[in-house]
Amino acid sequence: MESKTEKLLVVESDDALRERIVTVLNGAGYQVSTDYDEGMKSILAFGPDAVILGADPPQLDCCDLLSEIKGSERTQNVRVVMLSPGGSGERTRGMDLGADDVLSLPFDPHELLSRVRSQLRTKSLGDEFRERLRLAEENRTTAQQVVTAVNEERRTLRVGGLASVAVLIVAGLVLFFLFRRTQEQNTRVYAAITRLQTGVLTQQQLMERSRRTLEDRDRVKSGASYPQQLQLQKKGEDLRSQIAISKAENTSALQHQLTAVESRLQDLETEGKFAERIIRAYEPSVCLIHVALVFRDHTTGLKLHYVGITSSGEPTTDEHNNPILSLTGSGPEVHLDVFGTGFLVSDTGRILTNHHVAEPWWQNDDLKEMLNQGIEPVIAEMTAYFPGITNGIVVNTEKISSAADVAVVKGNVSGLGIKQIALADSHRSAVSGGPVVLLGYPTALDAILARAGAETLQSIATASKGDPKQVMEELARRKLIRPVTTQGHIGDVLPDKIVYDAQTTSGGSGGPLFNDEGKVIGINFAMVREFGGSNFAIPVGYGMSLLKP
């Protein structure tokens, strides 16, 4: 049977946002319309499979149209994906209003398409079963008419035929609702797993990820023709040349500029020296934390498995290229590997990090989808890898802050000679405009592998067979694990956060932020790309409160 092109209706008042949504959906091959001037009349005329509805739940802009769609017998099966500004509260409100799914703005095109595909699959399955039920009902009616027409002597056959049809209808209804519930659960879990899970990587995938990381790093370097220090040195030379050829009365302003440039160069040199001191002293105390999650059914306790593995070692997939998962599958357990940063703060093995590193499902919308469907993540193993230590150290969560994104994990570091990091004991240790140094593991495995070199990478890929746990152990054994250092300045100091501009990315969460005295003033926890690469750190006082008995 030929597959039809799904129809999508985009309802969004903002012209620029509407055009962006339409471009993404058209590019994926969908038939897209933006005509909703006549409300439900337009919707009925177009007959969409799904509606992409721009909305602002706090203002209730979306309620009337959403209620009409879900309240009409002719459109109640149309799937509605809402695009809403705000956080989890707004998304929850959107679901309460009747939307089938809610995506936060600004949206990621790949995530939007994934959510749309998931909803269309669910609708397709529902339509198929409704059609089966319709045919079953037609068959029941036909059977009843035929049986009614037979002779009285065949009453037994008539009763038996009707009973059989009734049993089939009841069984069909039961299977429909059970299958629909299971399918809705599975499609959400599949979508989340597909977005998040990395699992076992082939040698080629490891090499490709390393190559992309190197290219990105080189692109950043080449994009800045002159680092800040070189720019200032060049500007200083230019100013000296201008002063040499200028008249005496014109040199005052130039001399003032030259003094400012030389002062900034001196500051950079001083900052560079204190950064070197921090690296030498504390780099061995900053660890890469690897958290391996498995998933289990909340009711039965059964763990989620792949249904099977292909001859090439890849999970078996369905027609939509989603891995096929089952609580009773014969394949390996489904694992999610999450990475973050931590740093040693006591000789008893206590490590400060983020709450969302110790419990990766915390405030994670993708993992929340699984929780809502009765599939809960469970930590299978949490391991800390310190520079220079040839094996991972098993750690467990000890305390989690109720006030901030901070946690303490603990492991046995006795006899390893790892130095604990000094914490600043006053909020005045963080001053707006002051220099900072950030240590951490942004991009986690990718950055480490990119520094390893092609030959070493090939050897690690062969020895580990792509398993993230074995990759980590190989890197530790070869003493290739060490944090990345970035420098910057504090932009603002607030009661619950420090804003600064030292670069980082995913994997750098939980890293220590040092002031120019070499003491930790904050714990990195978020980055805001929309604001010129600004990052947020939790003031270290929140971590110190967890360390108290």
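Computation of the quantities below employed the complete heavy-atom set of this structure, encompassing side-chain atoms and omitting hydrogens, waters and symmetry-equivalent molecules. Owing to the predicted nature of the structure, the values given are computational and were not obtained by experimental measurement.
F514 and Y282 have their aromatic ring centers within a separation under 6.0 angstrom.
For the pair I490/V431, no side-chain contact is recorded, criterion being any heavy-atom separation below 4.5 Å from C-beta on. Two residues are said to be in side-chain contact when any heavy atoms from C-beta on lie closer than 4.5 Å; E359 and P377 fail this criterion. At a threshold of 4.5 Å between non-hydrogen side-chain atoms, the residues K469 and T383 count as touching. Counting only heavy atoms from C-beta outward, the side chains of V493 and I521 never approach each other to under 4.5 Å. In this structure, the side chains of N535 and L513 stay at 4.5 Å or more apart for every pair of heavy atoms. Within the 4.5 Å cutoff, the side chain of V437 has heavy atoms near those of the Q487 side chain. Between L293 and V291 the shortest side-chain heavy-atom distance falls below 4.5 Å. Side-chain contact between L423 and F343: present, with at least one pair of heavy atoms (C-beta onward) separated by less than 4.5 Å.
With rounding to the nearest 0.5 Å, the separation of CG in L475 from OG1 in T390 is 13.0 Å. Atoms CZ and OH, from R482 and Y441 in turn, are 9.5 Å apart once rounded to the nearest 0.5 Å. Here OG1 of T353 is found 8.0 Å from CD1 of I523. Values are rounded to the nearest 0.5 Å. Between atom CG of residue N391 and atom CD1 of residue I389 there is a gap of 7.5 Å, rounded to the nearest 0.5 Å. One finds the CG atom of L325 at 11.0 Å from the OG1 atom of T317 (value rounded to the nearest 0.5 Å). The distance from the CG atom of L352 to the OH atom of Y542 is 14.5 Å, given to the nearest 0.5 Å.
Every residue two or more places apart in sequence or in another chain that forms a side-chain contact (heavy atoms from CB on, under 4.5 Å) with E333 is listed here: V294, K303, H305, H335.
Taking both residues in full, the closest heavy atoms of K419 and A281 are given as CD-O, 4.0 Å, listed atom of the first, atom of the second, then distance. Of all heavy-atom pairs between A430 and I498, the closest is CB-CD1, 4.0 Å. Residues I379 and A358 come closest through the heavy atom pair CD1-O, 3.2 Å. Across all non-hydrogen atoms, the minimal contact from L327 to I375 is CD2-CD1, 4.3 Å. Closest approach of G388 and K479 over heavy atoms only: O-CE, 3.7 Å. Residues D337 and A292 approach most closely at OD1-CB, 4.1 Å, considering heavy atoms.
Side-chain atoms of T341 never come within 3.5 Å of backbone atoms of G511 as a donor-acceptor pair (strictly under, hydrogens ignored). In terms of modelled atom types and a separation under 3.5 Å, the side chain of S285 and the main chain of I418 share no donor-acceptor contact. Judged purely by atom type and a 3.5 angstrom limit, S118 has no side-chain atom pairing as donor or acceptor with the backbone of S114. Between the side chain of R350 and the main chain of L547, a donor-acceptor pair closer than 3.5 Å is present.
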Show which side-chain atoms of residues 404-416 pair as donor or acceptor with protein atoms under 3.5 Å away, not counting sequence neighbours.
| from | atom 1 | to | atom 2 | distance (Å) |
| --- | --- | --- | --- | --- |
| D405 | OD1 | H355 | N | 2.8 |
| D405 | OD1 | H356 | N | 3.0 |
| D405 | OD1 | H356 | ND1 | 3.4 |
| D405 | OD2 | H356 | ND1 | 2.6 |
| N412 | OD1 | S414 | N | 3.2 |
| N412 | OD1 | S414 | OG | 2.7 |

task = Walk me through it: do I351 and F386 pass the test side chain to side chain contact (heavy atoms under 4.5 Å, CB included)?
result = CA-CA 11 Å; I351 297 167; F386 286 92; 3.8 Å; yes

request  = Evaluate the side chain to side chain contact (heavy atoms under 4.5 Å, CB included) criterion for residues N354 and W362: first the C-alpha distance (whole Å), next the side-chain angles of each, then the deciding distance (0.1 Å), finally the verdict.
outcome  = CA-CA 10 Å; N354 289 140; W362 184 69; over 6 Å; no

message = Between M472 and F339, does the side chain to side chain contact (heavy atoms under 4.5 Å, CB included) criterion hold? Intermediate values first, please.
response = CA-CA 11 Å; M472 291 301 305; F339 296 91; 3.8 Å; yes

inquiry  = Would Y306 and V334 count as a side chain to side chain contact (heavy atoms under 4.5 Å, CB included) here? Give the steps.
reply    = CA-CA 6 Å; Y306 294 107; V334 175; 4.0 Å; yes

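In R296, the CZ atom is not crowded: 12 or fewer heavy atoms of neighbouring residues, nucleotides or ligands sit closer than 6.0 Å.
Taking a cutoff of 4.0 Å between a charged side-chain nitrogen and a carboxylate oxygen, E474 and R478 qualify as a salt bridge.
Within the structure, salt bridge (Lys or Arg N to Asp or Glu O under 4.0 Å) contacts touching residues 513-526 (residues at least two apart or in different chains) do not occur.
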